[in-house]
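Quantities reported herein were computed from a predicted structural model and do not represent experimental measurements.
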Amino acid sequence: MKTILIIDDEPSVRKMLGKLLEKNSYACIEAVNGKQGIQIFKENKPDLVISDLIMPEKEGIETIRELKKLDPDVKIIAISGGGITGPEVYLDLALKLGASKVFSKPVSNTRLISAIKELLF
């Protein structure tokens, strides 16, 4: 079973994503911010990471950069609800730093699962 690390500061998002992923036969581990996410990544070596971009302690852009240093081949899906400028600026930067796929929140369950299957094929 493939393992996916969910990094998001919103408990409701982590819960929703966790249920969706488990329903689709993926194991899930969760982190509340990028700092915790990096530690969990080092300890568990998940097959894929889904990371929010706007978070306290260590935001998603910095987290993506650090994950790519730890493992250049890591598959990352970045998601964002925006911020002051809207999600597009953050999502574009996430792609430039190595995210495999990016989505604005709320992301369609079908599109997310399709992207995960494509990346883990």
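- Under the side-chain hydrogen bond (donor to acceptor under 3.5 Å, both in side chains) criterion, Glu57 pairs with no residue, sequence neighbours left out.
- Between Pro11 and Asp9, the closest heavy-atom pair is CD-O, 3.3 Å.
- Residue pairs satisfying the salt bridge (Lys or Arg N to Asp or Glu O under 4.0 Å) criterion with at least one member in residues 42-54, sequence neighbours excluded, are listed as follows: Asp52-Lys105.
- To the nearest 0.5 Å, atoms CG (Leu67) and CD1 (Ile76) are separated by 4.5 Å.
- Judged as a side-chain contact (heavy atoms from CB on, under 4.5 Å), and not counting sequence neighbours, the contacts of Val107 are Phe103, Leu112.
- Distance check: Glu10 CD to Leu17 CG gives 10.0 Å after rounding to the nearest 0.5 Å.
- With rounding to the nearest 0.5 Å, the separation of CD1 in Ile6 from NZ in Lys15 is 13.0 Å.
- Minimum interatomic distance between Ile61 and Tyr90 (heavy atoms only, all atoms of both residues): CD1-O, 3.6 Å.
- For Asp92, the side-chain hydrogen bond (donor to acceptor under 3.5 Å, both in side chains) test picks out Lys96, with sequence neighbours left out.
- The stretch residues 112-121 participates, sequence neighbours left out, in these side-chain hydrogen bond (donor to acceptor under 3.5 Å, both in side chains) pairs: Lys101-Glu118.
- Under a hydrophobic clustering in which Ile, Leu, Val, Met, Phe, Trp and Tyr are joined whenever their side-chain heavy atoms come within less than 4.5 Å, directly or via other members, Leu95 and Leu119 fall into different clusters.
- Just one residue in the list Leu91, Ile79, Leu93, Ile7 forms a side-chain contact (heavy atoms from CB on, under 4.5 Å) with Leu53, and that residue is Leu91.
- Hydrophobic clustering (ILVMFWY, side-chain heavy atoms < 4.5 Å, transitive): Met16 and Ile4 are in one cluster.
- Side-chain contact check for Phe41 versus Thr63: every heavy-atom pair is 4.5 Å or farther apart.
- The main-chain N or O of Pro46 is never found under 3.5 Å from a side-chain atom of Asn44 such that the two would form a donor-acceptor pair.
- At least one side-chain heavy atom of Ile50 sits under 4.5 Å from a side-chain heavy atom of Leu21.
- Among all heavy-atom pairs drawn from Ala78 and Ala99, the shortest one is CB-CB, 4.2 Å.
- The CG atom of Leu20 sits 4.0 Å away from atom CD1 of Ile113, with the distance rounded to the nearest 0.5 Å.
- Across Ala115 and Ile77, no two heavy atoms sit closer than the pair CB-CD1, 4.2 Å.
- Not one N or O on the side chain of Thr3 forms a donor-acceptor pair closer than 3.5 Å with the backbone of Cys28.
- Annotation: side-chain hydrogen bond (donor to acceptor under 3.5 Å, both in side chains) contacts involving residues 68-79, sequence neighbours excluded, are absent.
- For the pair Met55 and Lys58, the tightest heavy-atom approach, listed with the atom from each and the gap, is CE-O, 3.7 Å.
- Atom CG of Leu48 sits about 6.0 Å away from atom CD1 of Ile116, to the nearest 0.5 Å.
- Through direct or relayed side-chain contacts under 4.5 Å between Ile, Leu, Val, Met, Phe, Trp and Tyr, Phe121 connects to no other residue.
- Applying the side-chain hydrogen bond (donor to acceptor under 3.5 Å, both in side chains) test to Glu22 and every residue at least two apart in sequence or in another chain returns nothing.
- Evaluation of the side-chain hydrogen bond (donor to acceptor under 3.5 Å, both in side chains) test over residues 23-33, restricted to residues two or more places apart or in two chains, returns Arg14-Glu30.
- Ile64 and Ala94 make their closest contact through CD1-CB, 3.8 Å (heavy atoms, listed as atom of the first residue, atom of the second, distance).
- Distance alone, capped at 3.5 Å, is enough to place a donor-acceptor pair between the Glu59 side chain and the Glu62 backbone.
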